[in-house]
2 protein chains.
Amino acid sequence: MTRILVVDDEPQILRALRINLRARGYDVEVADSGAAALKAAASHPPDLVVLDLGLPDLDGTEVIRGLRGWTTVPIIVLSGRAGSEDKVAALDAGADDYVTKPFGVDELLARIRAVTRRLAPATPAVPALRVGRNTVDLADRTVTRDDGTEVRLTPTQWAMLEKLLRNPGKLVSQRQLLRDVWGPGYEQETNYLRQYMAQLRRRLEDDPARPRHLITEPGMGYRYRP
Amino acid sequence: MTRILVVDDEPQILRALRINLRARGYDVEVADSGAAALKAAASHPPDLVVLDLGLPDLDGTEVIRGLRGWTTVPIIVLSGRAGSEDKVAALDAGADDYVTKPFGVDELLARIRAVTRRLAPATPAVPALRVGRNTVDLADRTVTRDDGTEVRLTPTQWAMLEKLLRNPGKLVSQRQLLRDVWGPGYEQETNYLRQYMAQLRRRLEDDPARPRHLITEPGMGYRYRP
DNA sequence: AGCCCTCGTGAAAAGCGCGTCAAGAATGCG
DNA sequence: CGCATTCTTGACGCGCTTTTCACGAGGGCT
């Protein structure tokens, strides 16, 4: 399900959007300030952000930049200001669309469909990847051993494995992994990586001490080798 | 260069957009009817389409559908009609953005930047460079010998090799290399360069004693010769 | 020709990153 | 509210990477 983070300080707008979006089958999370938005996005990355520019604590473009620093999630900006310079500033800060209030809910929904439509083909079903004697299905988040038993992974283990498997053969830097899995602010905690990489190898690799697929590139990062 | 197809039946708007977009460094092609637009797009696919909905021959959404039938090129719609149903129809037909006339050129340009920004990472030039009997893939961070075995490089070796390979044929001064790889304050440690250049040649060059690609320019620096 | 500077090479010392074990804190579930 | 799972944090030894030192060869300059 598409997960949308709605950021607005006006309770009635927040309420109206939440109801409308939920009715359309979206998974809605809300935040009523810039700081709360950044925190929510970091702890649980959404698939799309609807952001009101008139927030009490942070300037809207600051919030956009804060998000863009580590994620490419689509951002649709709502604003009461129709000025050209405001639009340009928000769009160049990294927003994908800019809707001027008052706006029709139909229009916002159509724009949400437009930007999410672009995203869908970005993940062109990579159905079955092999790691050792296991088959990993990213679509329905399952790992099956060749003997038929299932391997259970925790959310963090999944996030890390998925990041690696979605870049087959490519080096994923430690910083990138930490940012994508734990969020910005964790770039230094390389011990997390060692911890969870060991867990993944224990579960997936044939010989955890001599990994053949989940490869360490010393000093740089990790790599999934098909 | 980004190639933009502008579709509008009003000559003065066509002219204004062409001039403005050209001035911004875009490659502009124009069409004054829906039929002409479809034909132009087919014969020479653009990177982006700016489409006025009020065309004489075809309905705007028809043009969008005609394009969407075979291409995912971004489409920004211009329209004099601010009605919600028009926007929804155009966006759901496959448009990426909808701008209501009269619009500021600055805003249109910002929206063009916003949609093209999404496209850029789709074509990240994959530079596969050759050094001796090895293929260096800077994107994946891999070095593969012609016999299929992988060559492992340490972070410092990578940093140095990358700096040279990203400037093919160009001389990279010792100072520049030292600053980029080790940081400022190491400009005098030319022995590092000798040390690591020897390591790279040993791993990559056919005959490390007689390098053919990683060339020393005595007294100045090093050069990668393709 | 002789000198000096720079480059290539080898080898040893120092430092750091990685894997691993272990235990406490937080979270979710019944 | 108690239990189990998961996440966070700390510590340690080993191996590899980096750093440092030393020496010989080659080329340019006076």
Side-chain angles (χ1 to χ4, degrees), chain A residues 39 42-44 141 143 150-162 164 171-183 185-223, chain B residues 141 143 150-164 171-175 177-183 185-223:
Chain A
K39 201 172 160 186
S43 68
H44 206 162
R141 299 191 97 101
V143 179
E150 296 269 322
V151 178
R152 254 180 38 77
L153 295 183
T154 73
T156 310
Q157 288 164 3
W158 259 113
M160 212 168 135
L161 182 66
E162 181 165 0
L164 287 172
L171 171 74
V172 183
S173 74
Q174 309 186 3
R175 182 171 311 246
Q176 210 169 339
L177 264 175
L178 287 163
R179 229 182 15 201
D180 282 16
V181 176
W182 282 270
Y186 287 77
E187 278 100 344
Q188 310 304 323
E189 309 286 333
T190 59
N191 45 328
Y192 287 8
L193 295 181
R194 282 178 275 146
Q195 190 66 267
Y196 280 91
M197 186 57 63
Q199 296 173 14
L200 285 176
R201 283 172 179 155
R202 252 196 303 274
R203 283 166 172 73
L204 302 177
E205 285 279 1
D206 206 30
D207 179 2
R210 262 179 227 83
R212 302 190 54 229
H213 299 94
L214 303 175
I215 308 295
T216 302
E217 298 285 357
M220 304 194 290
Y222 294 88
R223 178 197 310 275
Chain B
R141 289 221 131 160
V143 179
E150 299 268 323
V151 178
R152 252 181 39 78
L153 297 183
T154 72
T156 311
Q157 288 163 6
W158 260 113
M160 219 171 128
L161 182 65
E162 183 165 1
K163 182 68 187 172
L164 288 171
L171 170 73
V172 183
S173 74
Q174 306 187 4
R175 184 171 311 250
L177 264 175
L178 287 163
R179 200 156 33 79
D180 281 18
V181 176
W182 282 271
Y186 287 76
E187 280 98 344
Q188 310 305 321
E189 310 284 334
T190 59
N191 46 328
Y192 288 8
L193 295 181
R194 294 199 297 273
Q195 191 66 280
Y196 280 92
M197 187 56 65
Q199 296 174 12
L200 285 176
R201 283 171 178 157
R202 215 171 299 144
R203 283 168 171 74
L204 301 177
E205 287 279 3
D206 206 31
D207 179 2
R210 261 177 228 82
R212 302 189 53 228
H213 299 94
L214 303 174
I215 309 296
T216 302
E217 299 286 356
M220 304 194 291
Y222 294 88
R223 175 198 312 272

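- Glu189(A) contributes no side-chain N or O that forms a donor-acceptor pair with the base of dT9(D) under 3.5 Å.
- Note on Thr156(A): a side-chain N or O is less than 4.0 Å away from OP1 or OP2 of dC7(D).
- Of the side-chain N and O atoms in Arg201(B), one or more sit less than 4.0 angstrom from OP1 or OP2 of dG8(C).
- Under 4.0 angstrom from either OP1 or OP2 of dT17(D) there lies at least one side-chain N or O belonging to Arg152(B).
- Residue contacts shown for Tyr186(A) are absent, as no nucleic acid heavy atom lies under 4.0 Å away.
- When distances are taken from the side chain of Thr154(A) to each of dT20(C), dT9(C), dC7(D), the shortest belongs to dC7(D).
- Checking dT18(D), dG8(C), dA11(D) against the side-chain heavy atoms of Arg194(A) singles out dA11(D) as nearest.
- With dT18(D), dT8(D), dT20(C) as the choices, the nucleotide that has an atom nearest any side-chain atom of Ala198(A) turns out to be dT20(C).
- Note that OH of Tyr192(B) is 8.0 Å distant from CH2 of Trp182(B), once rounded to the nearest 0.5 Å.
- One interatomic measurement links the two molecules: CE of Met160(A) to P of dC7(D), which rounds to 12 Å at whole-angstrom precision.
- Taking 4.0 angstrom as the limit, Tyr192(A) places none of its side-chain polar atoms (N or O) nearer than this to OP1 or OP2 of dC7(D).
- Counting heavy-atom neighbours within 6.0 Å of Arg141(A) CZ, excluding the residue itself, gives a total above 12.
- Between Gln188(B) atom CD and dT19(D) atom P there is a gap of 16 Å when expressed in whole angstrom units.
- Considering only side-chain N and O atoms, Thr216(B) lies under 4.0 angstrom from the phosphate OP1 or OP2 of dG8(C).
- For the OP1/OP2 pair of dT18(D) and a distance below 4.0 Å, the side-chain nitrogens and oxygens of Trp182(B) include no atom meeting the criterion.
- Between dC7(C) and Gln174(B), a contact under 4.0 Å exists linking OP1 or OP2 to a side-chain N or O.
- Candidate nucleotides dT9(D), dG8(C), dC7(D) were compared by shortest atom distance to the side chain of Tyr222(B), and dG8(C) ranks first.
- Dashed line: the shortest gap from a side-chain N or O of Thr190(A) to OP1 or OP2 of dG17(C) is not under 4.0 Å.
- Leu200(A) has its CG atom 14 Å from the C1' atom of dT6(D), to the nearest Å.
- Here the shortest heavy-atom pairing between Thr216(A) and Arg201(A) reads OG1-NH2, 2.6 Å.
- Between Met197(B) atom CE and dG10(C) atom P the separation is 16 Å, expressed in whole Å.
- Rounded to an integer number of Å, the gap from CE of Met220(A) to P of dT17(D) is 10 Å.
- At most 12 non-hydrogen atoms from other residues, nucleotides or ligands lie less than 6.0 angstrom from CZ of Arg175(B).
- Interface remark: the Gln195(B) side chain does not form any donor-acceptor pair with the dT18(D) base, using a distance-only criterion of under 3.5 Å.
- Computed from coordinates, the Leu214(B) CG to dG8(C) P distance equals 11 Å when rounded to whole Å.
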Original post:
Could you go step by step and tell me if Ser173(B) and Arg179(B) meet the side chain to side chain donor-acceptor pair (under 3.5 Å) rule?
Top reply: CA-CA 10 Å; Ser173(B) 74; Arg179(B) 200 156 33 79; over 6 Å; no

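- Taken from CD1 in Ile215(A) to CE in Met197(A), the straight-line distance is 9.5 Å, to the nearest 0.5 Å.
- Rounded to an integer number of Å, the gap from Arg202(B) CZ to dA11(C) C1' is 11 Å.
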